[in-house]
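Single-structure report; data block below.
The model shown is predicted, which means the values in this text are computed figures rather than measured ones.
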Amino acid sequence: MRELAGDALELAGRSERDRAIREWVRTWFLRTKGVHPELPTLLLLGARGSGKTTLLHHLRHWAAAGPVAHLDLSRLGDTESAKPIDLLARIVFDLHADKPRVPKLTFPTYGVLALALSTRVDRDSRATAVQQMRAALNARTGRGGEHMRGVVEALVDTAAAIAGSPAAVGAALRLLPGWDSDWASVRTRRQLVRLRRRYGGGSHQDVVVSLNRLYNEQEEAERRLAEAALFDAFLADLHDAYRSRRGNHHRTSHCLLLLDNADSKQGDDFLRLLLEARDRAGHSDPLLVVATAAARPEVLMRREGSTGRDHHGYQRAWEDARRFRPVPVDDVLHVGPLRNLDAREVDAVVESALRSQARQVELPEVDNAGQWLGWLVHQLTRGQPAATAAVVGTLCLRGDAETWPDRLRQLFTPDLVGALLDRLLPQRTSPEFRAQLARAAVAVNLGDAGAARDLWEEDAGEALGSEFRHFSGDPLRTMRIETGDDRTDGAHEMLHPLLRFLLLRELAGAPPADDGTEAWEAAQTALGNRVRSRLAEGHEDDRWALAYHDLASGRLESAARYLDGRFTQIPAAEWCTELCRLRRAPIRTRGGAPPEPPRRLFRDLVAFLADDGRPRSARTKTVTRLLAACWISPEPADDPATDRVGDPYRNPLGDPFADLYDDIREEFLTLRGMVDDGTDRHVLLLKSEQYRGRPWW
């Protein structure tokens with residue numbers, strides 16, 4: 001998996017998705033002289049494995065010529081501080097780095113307050129930070145202007161007195177180039193006057209002393225006030241740097257801040273302070289922020305509360321798959337989801353992987369073989385970036401001597417399934433909850449799973465149920481795809497197709513219980529019992545769900561009996577929709593693909609039809625053969641009833657080359673000859689025509 005992670009990093013920025021986001025960033029990052037727009041804070045929401053980190057790495061390298069800061073909050077060690085002022089210090093150091101042909105950014109007001117507020121932290125840590133500052137900032141001194149240093153020197157003395165180490169404080173201040181010049185002192189004094197008016201104090205020294213005392217108090221509210229002052233100073237210094245005559249003339253780009261894993265506690269605190277400072281500023285600043293999160297930060301939910309907007313509305317950012325337009329929550333914060341790759345983008349990943357191989361990968365003898373492989377990968381992963389890289393890499397790195405059917409049967413090994421689930425499920429998912437999710441994946445949707453009491457072990461406990469409810473209600477955790485329209489089967493909590501596929505593979509390989517009961521069959525029985533209870537209460541609309549679980553348990557005859565009974569009782573269009581719903585029932589295979597070829601599997605499934613002791617009608621046999629073939633085979637490419645991005649399950653590995661398509665077409669035509677209604681005959685004719693081609697065409 002380490003190699004695959006590297007491949008994903010190399011592919012970052014190449015997809016249409018990443019290019020669309022980069023183009024949006026570019027329009028704000030580049031600046032025009034004399035123009036000072038209000039730059040937004042962009043929050044990208046994406047489930048684990050969606051490519052958030054690799055995208056930010058790409059943006060950092062892409063914008064390296066300008067002032068850019070990048071902070072990955074997940075990489076902060078246990079020994080490192082995660083306080084907002086320490087995070088801000090890292091950002092200041094990055095933005096202060098030398099860049100060719102543009103004036104260096106300095107932060108005089110921020111520097112004074114940062115030293116004053118942080119002088120009581122660990123001395124060893126501060127000494128290390130000062131050494132790092134000296135190396136990074138390339139200090140410049142001796143520029144004159146001795147008579148204009150009064151305000152700054154007074155603040156140095158105050159901060160030194162608080163710290164008890166005047167030499168260390170003075171040395172740290174001198175590392176900030178530009179402090180010796182007249183304009184720096186005047187600018188610092190002007191900003192401190194503004195801070196004095198906002199936070200109180202009779203003199204500049206009083207401001208520093210007051211803020212230091214606030215920051216070192218035990219009360220959280222007082223500490224927050226001191227931190228807010230530091231953020232105000234940071235934005236004020238940026239504002240002045242771009243509004244000066246020299247800065248306005250020479251700066252061709254704004255500042256870019258890349259903040260990864262902003263849903264952590266420290267990331268949420270930092271975002272809140274930064275957004276509140278921008279709200280207070282009353283003027284624009286040159287900072288463009290791009291943050292990523294695998295869960296909705298509290299600061300977002302608070303701001304959503306005043307607008308009534310939720311995660312469903314953010315899908316509008318991708319109304320055009322090639323154009324990214326994040327949705328504004330308010331004047332400062334904009335939000336957009338990090339969508340999965342579409343079929344074209346997956347094709348590009350496959351093509352790139354095939355080109356990168358030292359030896360040519362021999363594709364199967366099938367029409368449009370490259371397009372076939374792209375279709376297969378997209379059907380399996382639905383464009384989930386981490387899984388796409390893993391599946392493509394695994395398929396393309398297998399030996400040439402293996403046939404493609406063998407490759408596909410051996411694709412989802414227990415190691416690969418386990419590694420992908422580790423990557424995609426929320427961090428710190430317990431083994432108990434993971435096993436429960438695997439059982440819940442059998443259900444049509446998570447709502448049905450939560451309502452099936454027999455599915456939950458008696459000793460599961462309230463904690464596990466609470467975790468399941470929290471998981472089900474979070475679209476980033478379930479990875480479910482939001483369409484923004486009514487094409488899905490109602491408002492249900494659903495697992496992402498890939499996540500459900502992987503969980504089912506793990507369930508199929510789970511060891512039996514002490515009494516010999518198979519985990520797969522036990523889950524199907526528990527869910528079937530719930531459906532029977534609902535039918536007893538008069539919920540006849542759930543009868544198809546019982547056939548669904550019968551089919552998943554291998555009871556094809558029972559499922560076909562239900563479908564046969566519905567034929568001619570409802571319009572053919574509705575009957576075809578029920579057929580499509582039934583075909584979602586999972587096939588119990590540990591590796592994803594059945595161990596035998598599709599035609600042999602089909603013959604085994606329908607072998608009972610040859611039993612002369614149980615005569616069946618021609619229609620029953622036709623419906624049974626049709627259901628068996630459709631259950632194994634992938635869905636046709638142009639079926640609007642089933643080509644829904646919200647469908648919970650589809651598995652092209654049962655019949656990857658669509659060998660049974662001709663059989664399916666003939667069965668539909670046979671059924672067409674059994675009805676008299678003209679509309680029904682037309683519907684069944686169109687269904688048969690959908691199987692004339694191949695799903696990857």
Would you say the side-chain atoms of [X] pair up with the backbone N or O of [Y], donor to acceptor, closer than 3.5 Å?
X: Gln384; Y: Gly49; answer: yes
X: Arg48; Y: Asp422; answer: yes
X: Arg423; Y: Ala386; answer: no
X: Arg325; Y: Ala317; answer: no
X: Lys99; Y: Gly66; answer: yes
X: Thr429; Y: Leu425; answer: no
X: Arg14; Y: Val349; answer: no
X: Asp260; Y: Leu71; answer: no
X: Thr381; Y: Val377; answer: yes
X: Asp94; Y: Ala69; answer: no

Indicate the ring-plane relationship of [X] and [Y], choosing parallel, tilted or perpendicular according to the 30° and 60° boundaries.
X: His254; Y: Tyr242; value: parallel
X: His96; Y: Phe107; value: tilted
X: Phe324; Y: Trp318; value: tilted

How far apart are the closest heavy atoms of [X] and [Y], and which atoms are they?
X: Asn261; Y: Ser264; answer: O-OG, 3.2 Å
X: Ala63; Y: Val68; answer: O-CG1, 3.9 Å
X: Pro385; Y: Ser50; answer: CG-O, 3.3 Å
X: Ala440; Y: Leu455; answer: CA-CD2, 4.0 Å
X: Pro84; Y: Arg224; answer: CG-NH1, 4.1 Å
X: Gly336; Y: Leu42; answer: N-CD1, 4.3 Å

> For the atom pair CG (Leu287) and CG (Leu39), what is the distance rounded to the nearest 0.5 Å?
Replying inline: 7.5 Å
> With a cut-off of 6.0 Å (strictly less than), are more than 12 heavy atoms of other residues, nucleotides or ligands near CG of Asp320?
Replying inline: yes
>> Can you tell me if Glu23 has over 12 outside heavy atoms packed within less than 6.0 Å of its CD?
In response: yes
>> Looking only at side-chain N and O atoms, does Ser284 offer a donor or acceptor that is under 3.5 Å from a partner on Arg243?
In response: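 Arg243 vs Ser284: donor-acceptor pair found between side chains.
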>> Under the criterion side-chain contact (heavy atoms from CB on, under 4.5 Å), I'd like the reasoning laid out for Leu288 against Thr41: C-alpha separation, chi angles, the key distance, then a yes or no.
In response: CA-CA 6 Å; Leu288 174 62; Thr41 294; over 6 Å; no
> On the ring face of Phe471, is Arg477 found with NZ or CZ under 6.0 Å from the centre and within 45° of the axis?
Replying inline: no
Side-chain heavy atoms of [X] within contact of [Y], under 4.5 Å:
X: Leu257; Y: Val290; answer: no
X: Leu498; Y: Leu424; answer: yes
X: Thr252; Y: Leu30; answer: no
X: His57; Y: His70; answer: yes
X: Asp263; Y: Asp268; answer: no

> Any chance the rings of His36 and His283 have centres within less than 6.0 Å?
Replying inline: no
> Are the aromatic ring centres of Phe231 and Tyr110 under 6.0 angstrom apart?
Replying inline: no
>> Just to verify, what does Asp285 make a side-chain hydrogen bond (donor to acceptor under 3.5 Å, both in side chains) with, not counting sequence neighbours?
In response: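 For Asp285 the side-chain hydrogen bond (donor to acceptor under 3.5 Å, both in side chains) partners, ignoring immediate neighbours, are Arg278.
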> Do Leu338 and Thr292 pass the side-chain contact (heavy atoms from CB on, under 4.5 Å) test, and can you show the C-alpha distance, the side-chain angles, and the key distance before you say yes or no?
Replying inline: CA-CA 9 Å; Leu338 203 58; Thr292 63; 5.9 Å; no
> salt bridge (charged side-chain N to carboxylate O under 4.0 Å, His left out): which pairs involve residues 438-451, sequence neighbours left out?
Replying inline: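 Passing the test, one end in residues 438-451: Arg439-Glu457, Asp448-Arg530.
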>> Quick test of your reading: applying salt bridge (charged side-chain N to carboxylate O under 4.0 Å, His left out), list the pairs with at least one residue in residues 334-343, sequence neighbours left out, ordered by first then second residue.
In response: Arg339-Glu345, Asp342-Arg344
>> Under the criterion salt bridge (charged side-chain N to carboxylate O under 4.0 Å, His left out), I'd like the reasoning laid out for Arg303 against Asp279: C-alpha separation, chi angles, the key distance, then a yes or no.
In response: CA-CA 12 Å; Arg303 289 180 175 249; Asp279 289 334; 2.7 Å; yes
